[in-house]
**Q** 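Before anything else, here's the structure in question.
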Amino acid sequence: TSSSNIVQPTNNKHKRYNRMIRAAVPTLARRVAQKETQRRGISGALTAVPNKVKESQAIQNAGGICQGADNPTYLKQKTDPLVAWFGVGLCTFAIGQVTYGFYHLANGTNQLD
């Protein structure tokens with residue numbers, strides 16, 4: 001069907017509603033935008049956290065920043081040793097699993113039947 005076969009209503013009532021809707025849309029859009037900008041979602045808790053950057057910088061820069069193996073910068077924070085040991089343990093476990101797999105591949109053991 002072509003677009004010329006479609007009959008468009010020429011009712012004044014429809015025109016009046018269209019004018020009302022066109023006049024109301026900008027007002028409603030502003031209200032929705034105002035409401036949305038005032039609400040805090042997931043990021044609300046993140047923006048309420050106090051800024052501790054200066055404290056962390058003071059800890060990291062204590063005694064200078066070029067200290068080498070005596071006082072490495074990756075072990076200066078309170079939880080850094082725990083995180084470092086977790087990483088070492090994770091890497092050790094992964095290397096053990098790879099070695100276990102290579103051993104069984106090389107010897108043809110531990111196969112599914």
**Q** Take Gln111 and His104 through the side-chain contact (heavy atoms from CB on, under 4.5 Å) test and state the conclusion after the steps.
**A** CA-CA 8 Å; Gln111 295 178 355; His104 287 289; over 6 Å; no
**Q** Who pairs with Asn110 by side-chain hydrogen bond (donor to acceptor under 3.5 Å, both in side chains), at least two apart in sequence or on another chain?
**A** Tyr100
**Q** Name all pairs fulfilling the side-chain hydrogen bond (donor to acceptor under 3.5 Å, both in side chains) condition that reach into residues 78-98, sequence neighbours left out, sorted by first residue then second.
**A** none
**Q** Could you pull out the closest heavy-atom pair between Gln60 and Lys76, with the gap in Å?
**A** O-NZ, 2.7 Å
**Q** What's in the same ILVMFWY side-chain cluster as Leu75, cut-off under 4.5 Å, chained through other members?
**A** Tyr74
**Q** Rest of the hydrophobic cluster containing Tyr103 (Ile/Leu/Val/Met/Phe/Trp/Tyr, side-chain heavy atoms under 4.5 Å)?
**A** none
**Q** Apart from Val83 itself, what residues make up its hydrophobic cluster, given side-chain heavy atom links below 4.5 Å?
**A** none
**Q** Could you go through residues 51-58 and list every donor-acceptor pair under 3.5 Å that involves a side-chain atom there, pairing it with any protein atom two or more places apart or in another chain?
**A**
unit_1, atom_1, unit_2, atom_2, d
Asn51, OD1, Val53, N, 3.1
Ser56, OG, Lys52, O, 3.3

